[in-house]
2 protein chains.
Amino acid sequence: MHDNDAMAEIERPDLAADAAPAFSPLYQQIKARLMRSLQQREWKPGEAIPSETDLAQRFKVSQGTVRKAIDELAAENHLTRRQGKGTFVSTHSAVQTQYRFLRLTPDGGGSARLQRRLLECRRMRASPALSQSLQLASGESAVQVRRLLLDGESPVVLDDIWLPGPLFAGLDAERLAGWRGPMYGLFESEFGVRMVRAEERLRAVAADAEASRWLAVPVASPLLEVERLSFTYGDRPVEWRRGLYHTAAFHYRNDLQ
Amino acid sequence: MHDNDAMAEIERPDLAADAAPAFSPLYQQIKARLMRSLQQREWKPGEAIPSETDLAQRFKVSQGTVRKAIDELAAENHLTRRQGKGTFVSTHSAVQTQYRFLRLTPDGGGSARLQRRLLECRRMRASPALSQSLQLASGESAVQVRRLLLDGESPVVLDDIWLPGPLFAGLDAERLAGWRGPMYGLFESEFGVRMVRAEERLRAVAADAEASRWLAVPVASPLLEVERLSFTYGDRPVEWRRGLYHTAAFHYRNDLQ
DNA sequence: ACGCATTTGTTCGTATGTATT
DNA sequence: TAATACATACGAACAAATGCG
């Protein structure tokens, strides 16, 4: 009836780790409550959350149980632990986590040092496809941002970014151009929207006239197309992005384990 | 009354012998010893390792310390825990982890169900570049495998795979063609080489004549090039692979967190 | 410069729950 | 049902890093 080797075992629906139906371990419940506090911005990106002993008292559980909850949140990059200092809400502005989602790497090694050049920032009516991706009500507005990333003088990435209009009220070219640091840092601190995870889809495509112009490559050159759907708390999609990468001197790096 | 960890350190000065830098937490030392056992195939892929209590006795530490070591090894995909059954050495043959490194996904969703077609398997002198990548002695032999992955009748991936010749003695077309299941499963069970992690580099390239023929696309079509360097225990590189993906109906999926 | 309090990190021990055989 | 193994939970103590007075 049961298979006895390692290959059995798969058929179970195996409910997701964070969805907590009727009965879930205490630490999972604590984890869910901490996630809720993060979502409600009780503690903001960069700030410290209460100490483990404080939280244990608040939730009336042992410190070890809080610890296990925090462990998982730290493993998922929601929180960052610092021995002797405390546990902090992760932020895309922290130097060590800047450009956390950018996998572009120079072929020679090292990490990319790219300049940004803002090309466009405008408000538009969301297309049906975009409304679908970002779960917008029909007819809702969107912000479109177009920009280049350059290695010195040579353009490497052409990004088109779409955001829900209402969520990013007040976002315009001036605001973007004046911001020093990663765009996701701006979103966090100015609009209260923190990107917590993203799904990327990669393809090879041929450069069209526009991409050819901006990236300074011949029409029909092969380009790496990177589509990205980014999510904030509660698995809510809040950014759709399409990047075209010129992968002559750079590549997209991915570590598998 | 009981040992604190300083005393434990004195009782077992040999613990830090290989990897651990002088003083490291006990559970890290246990983790290193477990890794060594995995590397030496004391327990083989798919097999169960001793229970946590057994290991605790063997290493003369508490069960909780062993648990923390195993936790990390499980998080790194070296081990797989199954409640009530035991802890098992991960294997690429297990159904739930088959094609763990393959990120190719049909655009419509679901998971890829691709046929394999072996095109070539031959022994060759390793090129200098390959020797460099696989850390081979100069003049050492390599095995080259070329194959197609097909979705029904339409080719999707052209893979070229290079392996260290001595490590894969006896690997030939017949052996490959006769094997049912993932290639990495064959490597594990027939050659004792388990891939534990890999680094991929992605680029967009133009199809050359050969790629065009095998993938049934026009010359100069954009293709997704996926270079992969795979490592076994001890960070030893044991496979170099170049895949050309035709990303018309498929894409390379990557989840960022 | 030093010591102290705070906070996370490590280790132990114990008990109980849950899944598997 | 019983035995085994992993999973959860609690409590306690000490270590190590940090920051402050």
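So that the names make sense, note that chain A is the first sequence line, chain B the second, and so on, each numbered from 1. Side chains are part of it too, since the values below use all heavy atoms of this structure and drop only hydrogens, waters and symmetry mates.
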Between [atom2] of [N] and [atom1] of [X], the distance in whole Å:
X: Ile30(B); N: dG9(C); atom1: CD1; atom2: C1'; answer: 17 Å
X: Gln28(A); N: dT18(C); atom1: CD; atom2: P; answer: 15 Å
X: Glu72(A); N: dA9(D); atom1: CD; atom2: P; answer: 11 Å
X: Leu79(A); N: dG9(C); atom1: CG; atom2: C1'; answer: 16 Å
X: Leu26(A); N: dT8(D); atom1: CG; atom2: P; answer: 11 Å
X: Gln57(A); N: dG11(D); atom1: CD; atom2: P; answer: 11 Å
X: Glu47(A); N: dT7(C); atom1: CD; atom2: C1'; answer: 18 Å

Residues in side-chain hydrogen bond (donor to acceptor under 3.5 Å, both in side chains) with [X], at least two apart?
X: Glu227(A); result: none
X: Thr232(B); result: none
X: Glu42(A); result: Ser37(A), Arg58(A)

- Message: Could you work out, with ring-ring contact (aromatic ring centres under 6.0 Å, His included) as the rule, every residue matching Trp162(B), not counting sequence neighbours?
- Response: Trp240(B)
- Task: Please list, chain by chain and in numerical order, all residues satisfying ring-ring contact (aromatic ring centres under 6.0 Å, His included) with Phe168(A), sequence neighbours excluded.
- Result: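 Scan of Phe168(A) (ring-ring contact (aromatic ring centres under 6.0 Å, His included), adjacent residues dropped) gives Phe187(A), Phe191(A).
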- Note on the structure: The salt bridge (Lys or Arg N to Asp or Glu O under 4.0 Å) partner of Arg194(A) among Glu239(A), Glu188(A), Glu47(A) is Glu188(A)
- Message: Side-chain N or O of Lys68(B) versus OP1/OP2 of dT10(C): is the shortest distance under 4.0 Å?
- Response: yes
- Task: Please tell me which of Lys60(A) and Asp71(B) maps to the more 5' nucleotide of DNA chain D, matching each residue to the nucleotide holding its nearest heavy atom.
- Result: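 This one resolves to Asp71(B).
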- Note on the structure: Protein-proximity profile, nucleotides 1-6 of chain D, B/S/- by nucleotide at the 4.0 Å heavy-atom cutoff, equals ----BB
